[in-house]
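For the single chain, residues carry numbers from 1 onward in sequence order.
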Amino acid sequence: MSDIDGKAFFGAVLKAIACTRNHNTDQSEYAAGVLEPATRIREFEKELGERPPTRAEAEQVLGWLESTFRTKRTPDEEREHYLARIAEVSGPGLSGAVASGPAPARVSV
């Protein structure tokens, strides 16, 4: 059984996507890097139903979240804020997964 609070986890991830400002004006990049991952996350949440995600599944969702952060060009401080909040509300099953996730790729402008 997972120690991850699935409802809180998905809520915090989707809130992070909705609340981070988009610093990228390329609409095709936004569609591929934000809208598609957000849709995958919502579909995956529905697919799981009442079952909480495993750690591996949560890490996959965090990978999709990282895609949105990279595409939106989210500043590191804001990214870290949302990842800390996700870890805080999700329960002990996610500890370490958020902190050990990949650093966002730098986008040169």
Quick one, D76 with E80, criterion side-chain contact (heavy atoms from CB on, under 4.5 Å). Give me CA distance, side-chain angles, the key distance, then yes/no. CA-CA 6 Å; D76 289 345; E80 290 166 10; 4.1 Å; yes
Steps toward side-chain contact (heavy atoms from CB on, under 4.5 Å) verdict (L35, Y30): CA-CA 7 Å; L35 298 179; Y30 185 83; 3.6 Å; yes
Apply side-chain contact (heavy atoms from CB on, under 4.5 Å) to H81 and L83, showing your working. CA-CA 6 Å; H81 164 79; L83 292 175; over 6 Å; no
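For C19 against E78, the heavy-atom pair with the smallest separation is O-OE2, 4.1 Å. Taking both residues in full, the closest heavy atoms of L14 and A38 are given as CD2-O, 4.3 Å, listed atom of the first, atom of the second, then distance. Across all their heavy atoms, P37 and W64 have their closest contact at CB-O, 3.7 Å. What you find for G33 and S67 is that their closest heavy atoms are O-OG, 3.2 Å.
V61 is connected to L48 through a chain of hydrophobic side-chain contacts under 4.5 Å among Ile, Leu, Val, Met, Phe, Trp and Tyr, so both are in one cluster. The cluster map of Ile, Leu, Val, Met, Phe, Trp and Tyr, joined by side-chain heavy atoms under 4.5 Å apart, puts V89 and F69 in different clusters.
Contact annotation: the side chain of E57 never approaches that of P52 to less than 4.5 Å [non-hydrogen atoms, C-beta and beyond]. In this structure, the side chains of I41 and I17 come closer than 4.5 Å at one or more pairs of heavy atoms.
Proximity of a side-chain donor or acceptor of T20 to a complementary backbone N or O of T74 within less than 3.5 Å is not detected. Side chain of D5 to backbone of G91: no donor-acceptor contact under 3.5 angstrom is found.
Note on K72 versus E29: no salt bridge recorded, every NZ/NE/NH1/NH2 to OD/OE distance being 4.0 Å or above. By the 4.0 Å N-to-carboxylate-O rule, R79 lies close enough to E66 to be salt-bridged with it. A salt bridge links E88 to R85: at least one charged side-chain nitrogen sits closer than 4.0 Å to a carboxylate oxygen.
Interatomic distance, L65 CG to I86 CD1, rounded to the nearest 0.5 Å: 5.0 Å. To the nearest 0.5 Å, atoms OG1 (T68) and CD (E36) are separated by 12.5 Å. Rounding to the nearest 0.5 angstrom, the gap separating the CZ atom in F10 from the CD1 atom in I4 is 9.0 Å.
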